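Have a look at the structure below, then the notes.
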Amino acid sequence: MRFGVVIFPGSNCEQDVVHAAHVLGHEADYVWHGDTDLAGFDAIVLPGGFSYGDYIRCGAVARFSPVMAEVVRFAERGAPVIGICNGFQILAEAHLLPGALLRNQGLKFICKEITVTVEKSACQWMDATPGSLLRLPINHNEGNYICDPETLARMEANGQIVLRYCESDGSRAEGGSAPNGALDDIAGICNERGNVFGLMPHPERVVDPATGHTDGAVVFASIARRLAEVG
Amino acid sequence: MREDLSPELAPKLAVELGLKPAEYDKVVEILGRTPSITELYMYSLMWSEHCSYKHSRKALRMFPTEGEHVLQGPGENAGVISVGDGWALAFKMESHNHPSAIEPYQGAATGVGGIIRDIFTMGARPIASLNSLRFGTLDKPRQRYLFEGAVAGIGGYGNCLGVPTVGGEVYFDEAYEGNCLINAMSLGLMREEKLTSATASGPGNLVLLIGSTTGRDGIGGASTLASQEFDEKAEDKRPSVQVGDPFEEKLLIEACLELLEEELLVGLGDLGAAGLTSSASEMASRGGVGLDIDVTKIPAREEAMKPFEFMVSESQERMLAVLVPENLEAAQAVCAKWGLRSTVIGTVTDTGRFVVREGDEIVADMPAATLAHDAPIYDPAMVRPAYLDEVQAFDPITGVDHPGCEYVLDDIVLALLASPNVCSRRWIWQQYDHQVMLNTVVLPGGDAAVLRIGDTGRGEMTGRGVAVSSDCNGRYCYLDPYVGAQIAFAEAARNVACSGGYPAAITDCLNFGNPEKPEVFWTFYEAIRGLSDACRAFGVPVISGNVSFYNESFGSPIYPTPTVGMVGVMEDVSKHCTVAFKNEGDVIFLLGETENEIGGSEYLKLAHGVVSGRPPALDLELEKAVQATVLAAIDAGIARSAHDCSEGGLAVTLAECCMAGDLGADIHLDDGLPAYASLFSETQSRIVVTTAPEDAERLVELALANAIPYSVIGTVGGDRFAVEDKVGVTLVQLREAWEPALERALAGK
Amino acid sequence: MARFQIFVTYKKGIFDPPGATAERALVSLGYDEVSSVKIGKFIQLEVADGTSEERVAEMCGKLLANPVIEDFRIEPVEEA
Amino acid sequence: MARFQIFVTYKKGIFDPPGATAERALVSLGYDEVSSVKIGKFIQLEVADGTSEERVAEMCGKLLANPVIEDFRIEPVEEA
Ligand SMILES: Nc1ncnc2c1ncn2[C@@H]1O[C@H](COP(=O)(O)OP(=O)(O)O)[C@@H](O)[C@H]1O
Ligand SMILES: [Mg+2]
């Protein structure tokens with residue numbers, strides 16, 4: 001399959017995503033934020049980084065890039081879209097996903113590996129046994145997910161909560177296991193249909209065995225399998 | 001020519017700008033007349049210590065700068081070495097001490113911005129950064145503020161750029177209380193044929209200013225700050241602090257690399273200290289040409305800026321390009337694509353003169369090369385400091401009461417692990433993106449960082465790698481600058497070797513006090529001599545570096561701190577080695593041999609409050625042989641872990657190997673030394689290596705072949721770190737001491 | 001030229017990490033009298049003469065504030 | 001309880017990257033009438049009755065603003 005990886009001014013993980021896709025045997029190409037043609041791509045990735053310097057709010061300016069109108073249409077067609085880290089922030093600003101991402105509770109940038117639990121969800125990007133654990137790196141300053149109680153209840157009911165931060169043994173600490181203060185330990189969510197996925201951890205960083213383990217591969221593999229199935 | 005200074009006023013302004021009377025006279029001699037305001041500003045900045053190296057230039061000639069790997073030695077914005085298969089690595093280290101002491105976040109951030117511009121100016125894509133930090137002790141709130149701010153600033157800037165910060169070092173000592181050190185190192189990768197020079201050439205070519213607008217921020221910032229001692233007046237210099245814009249810099253990286261890739265430029269230079277004056281005059285003098293610049297063309301951030309303000313502003317995130325007129329349209333299109341301003345502000349001329357005009361009126365007109373090259377060069381006086389006799393006469397073995405009993409030793413081991421100079425640096429590097437670009441093979445937390453070489457985005461991986469480390473123990477340099485500087489080199493090389501890298505070249509950042517004081521200059525000279533001798537012994541050249549003088553507060557200099565940034569090359573990056581113990585039952589070797597050397601040690605400071613004695617001795621030939629042994633073991637695939645001994649001695653090294661591998665160790669030391677010395681001596685040229693039992697014999701053969709002393713000191717296993725009946729602590733205890741210590745110190749605990 | 005000031009604050013019920021941290025820090029510095037700190041944005045806008053407040057509100061709704069989490073208040077600045 | 005509002009802005013001459021980005025973004029969204037955007041902080045403080053403005057200024061100088069690069073202005077809030 002072929003991934004389209006969007007470059008906004010200030011994106012900085014686009015190469016990493018392309019590399020991850022290649023390692024897993026997929027095709028991937030860059031899409032410039034000013035472009036409006038997504039023809040030929042099976043899935044769109046909004047990569048991590050600091051689009052527009054994260055100024056005003058993370059993702060606030062990028063969501064108005066010309067390409068985003070196309071991404072919205074692409075998603076509305078039911079085609080798969082994923083936002084990783086800054087990409088998640090952009091999807092939230094663009095209202096493709098509910099809620100918002102605030103400054104980390106500890107007010108510090110956090111780069112480290114954490115553990116998440118896979119929840120039972122409708123997410124097309126996460127074809128893994130609910131309850132299984134993944135070790136994934138996080139790397140952000142604004143990953144403190146928040147939404148109102150109604151939205152949270154609705155997401156729960158619809159199976160939109162995809163990943164939750166947890167302790168290394170899978171348990172969830174009493175005061176929360178999110179390193180950033182995220183509501184209900186939420187690390188990743190999807191839309192109702194399950195084709196749009198946003199997550200703070202960076203699966204593309206743990207795909208290449210040459211630099212570590214490969215827990216992130218499941219994200220790319222899931223969507224590839226799904227697309228192969230639906231044709 | 002606008003004559004806006006009277007012959008009476010000019011010398012007074014010159015003094016205020018930091019020019020010495022004789023230097024002013026030289027300016028008048030060069031020009032044959034009284035300088036204009038703009039000219040005086042330009043000369044005073046270019047002839048400041050920071051830009052001209054007038055006190056250090058001669059001493060720096062001691063450094064060996066050539067070697068088989070070297071593609072570009074000192075003289076350009078960064079040095080460049082070949083790392084094989086047609087790939088070249090540009091790297092350099094630079095200080096941003098003085099701005100950071102005023103505003104740590106922005107000072108450190110713009111320091112990172114500056115060194116990264118030096119790297120992509122060479123045509124290389126920045127691929128990694130390191131930082132070397134020194135502060136006073138963390139029991140002082142101001143020091144905590146500086147440290148937290150500097151770390152946040154380094155992260156804030158580097159993270160946004162998407163350049164991983166993969167390593168560094170930090171020490172806390174009273175000597176740095178009034179003058180913190182923020183040294184930033186950056187490395188960039190390119191194909192060898194893309195090597196670019198910051199040279200202007202070709203009369204008729206255009207001078208293009210790319211990037212941010214120019215304001216009054218940082219007028220005389222880095223260059224004047226870095227050329228003066230700190231005193232009460234520092235507070236008045238506040239407005240010269242600059243705010244970094246990493247987003248603009250990220251766009252500059254992409255645009256400049258694209259401009260070079262498309263071969264649209266003749267030369268490219270960055271605007272750092274002394275702004276446009278420095279970058280333009282250096283580019284002109286390298287090309288042997290003149291320049292004609294019109295300040296009214298420069299996009300201004302503020303109103304009513306004077307010509308001299310445009311010429312010396314240190315507004316960040318700006319680059320200067322020279323190109324043929326036919327390429328202008330294409331070049332500006334690239335800049336516009338990245339959302340960057342680009343403006344033609346002048347032309348290259350064949351007159352050799354640097355002409356600055358404000359519209360039609362000429363405000364400065366001088367021989368371009370004189371700015372960059374005619375600064376006076378001094379031969380500063382040198383005197384061996386009197387304090388050295390006193391500290392070196394102190395015998396740390398008899399001078400204090402050493403502990404003997406085992407319980408006390410446990411406590412000292414744990415206290416050393418919790419010392420801010422030894423404890424886990426996780427609190428720091430967790431605030432840095434150390435993984436982006438997916439080349440970091442060995443993450444921070446061990447000896448050297450290991451990066452693989454290639455271009456992941458294009459799928460061009462080589463299998464090669466580099467190992468990088470920055471090191472300097474200022475206490476050793478204070479006690480003996482010659483030996484201390486050599487140890488800085490040896491330790492950096494040892495860290496690189498323990499990771500599997502063959503030391504190839506270094507950069508350095510020489511942080512010292514006021515060079516006009518003979519005692520300070522002596523320490524500077526000795527450090528360079530030491531570093532040069534070490535480089536020669538290893539056949540490792542210096543390819544770039546930076547000098548930071550006037551690091552004093554209220555009259556007393558910091559410890560001499562010649563930081564070394566070492567790069568080692570690996571042919572097969574998959575063969576890298578880490579500090580972590582790997583398997584139960586592995587055999588623990590000590591390569592090298594412990595002596596009773598506790599002068600200047602962390603133990604002596606921590607347990608006895610003393611910084612005195614002689615630093616550990618260094619035998620460069622032994623050091624080389626020990627490193628050759630560990631490298632051979634790693635190459636042969638028999639070294640399961642390797643970690644050098646540094647601050648805190650063998651006890652700390654072993655404890656760190658245990659914690660990293662989550663495995664205990666049972667140790668027996670047979671060195672005939674008192675326990676405190678076996679455990680805490682900081683003897684150089686020692687490395688702890690483990691092998692599988694069946695490989696032990698082969699390691700012995702390698703040690704014998706290299707004629708180095710070695711001993712088998714124990715086995716890996718269990719959940720305790722035990723040394724005979726002297727030390728016995730659990731992994732949990734080790735971790736509780738080591739892991740949260742920085743956070744605790746920052747919380748004021 | 002016309003000027004507007006914009007105050008962007010978190011909606012009620014949204015936890016503000018920088019504010020909460022500043023609050024704790026002030027108290028620990030000995031400012032016990034502090035009971036709440038909220039940190040929002042203060043935006044100063046210069047626009048062409050005749051720009052209406054509605055137009056500025058539009059800019060806020062679109063870009064300068066995020067209606068999911070933030071409220072904003074606009075104040076025209078009278079020239080002195 | 002007393003309330004204060006604090007406005008923190010960059011000192012004159014200090015570059016404001018977020019403001020500059022917002023300015024460009026607004027123009028490119030079609031708000032050509034925008035000529036300048038500056039982004040500072042808006043802090044709402046609740047303190048014990050009787051807390052003086054000097055005391056609040058001290059808090060600003062120490063923690064809430066960075067006097068090296070920022071100015072601040074304090075306004076007591078009259079209760080409605
Ligand atoms: N300021 C820093 N920034 C990033 N990493 C750091 C910093 N200081 C130390 N580290 C990392 O922590 C680890 C231990 O550092 P250090 O104790 O200086 O090691 P060594 O004694 O082997 O030189 C290394 O991986 C180093 O790169
Ligand atoms: Mg080491």
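Keep in mind it's a predicted model, so treat the numbers as computed, not measured. Letters A, B, ... are given to chains in the order of the sequence lines, protein chains preceding strands, and every chain is numbered from 1.
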Q. Any chance CD of B:E739 has more than 12 other-residue heavy atoms, nucleotides or ligands included, within less than 6.0 Å?
A. yes
Please classify the contact between [X] and chain A as side chain, backbone, both or neither, with a heavy-atom cut-off of under 4.5 Å.
X	answer
B:E248	neither
B:I253	neither
B:L438	both

Ring center gap for B:F247 and A:Y52 short of 6.0 angstrom
yes
Exercise for the section: Check the pair A:R205 / B:M437 against side-chain contact (heavy atoms from CB on, under 4.5 Å), numbers first and verdict last. Expected result: CA-CA 9 Å; A:R205 292 190 175 189; B:M437 300 185 100; over 6 Å; no
Minimal heavy-atom distance between B:R452 and A:A210, with the atoms involved, is NH1-CB, 3.5 Å
On a heavy-atom basis, the closest approach of B:C160 and A:N12 is O-ND2, 3.2 Å
Rounded to the nearest 0.5 Å, what separates atom [atom1] in [X] from atom [atom2] in [Y]?
X	Y	atom1	atom2	value
B:Q431	A:N139	CD	CG	12.0 Å
B:N439	A:Q15	CG	CD	9.0 Å
A:N141	B:D433	CG	CG	12.0 Å

Regarding B:K337 and the six-membered ring of A:W32, is the cationic atom NZ or CZ under 6.0 Å from the ring centre and inside 45° of its axis? yes
Open item on the list: Could you walk me through whether B:Q435 and A:D16 satisfy the side-chain contact (heavy atoms from CB on, under 4.5 Å) test, starting with their C-alpha distance in whole Å, then the side-chain angles of each, then the deciding distance to 0.1 Å, before giving a yes or no?
Closed with: CA-CA 10 Å; B:Q435 271 183 310; A:D16 299 6; over 6 Å; no
- side-chain contact (heavy atoms from CB on, under 4.5 Å) evaluation trace for B:H434 with A:C111: CA-CA 7 Å; B:H434 45 264; A:C111 178; 3.4 Å; yes
Judged by modelled atom types alone, do B:D245 and A:Y55 share a side-chain donor-acceptor pair under 3.5 Å?
-> yes
Practice task
Evaluate side-chain contact (heavy atoms from CB on, under 4.5 Å) for A:F109 paired with B:Q430, printing each intermediate quantity in order.
Solution key: CA-CA 8 Å; A:F109 190 95; B:Q430 215 162 63; over 6 Å; no
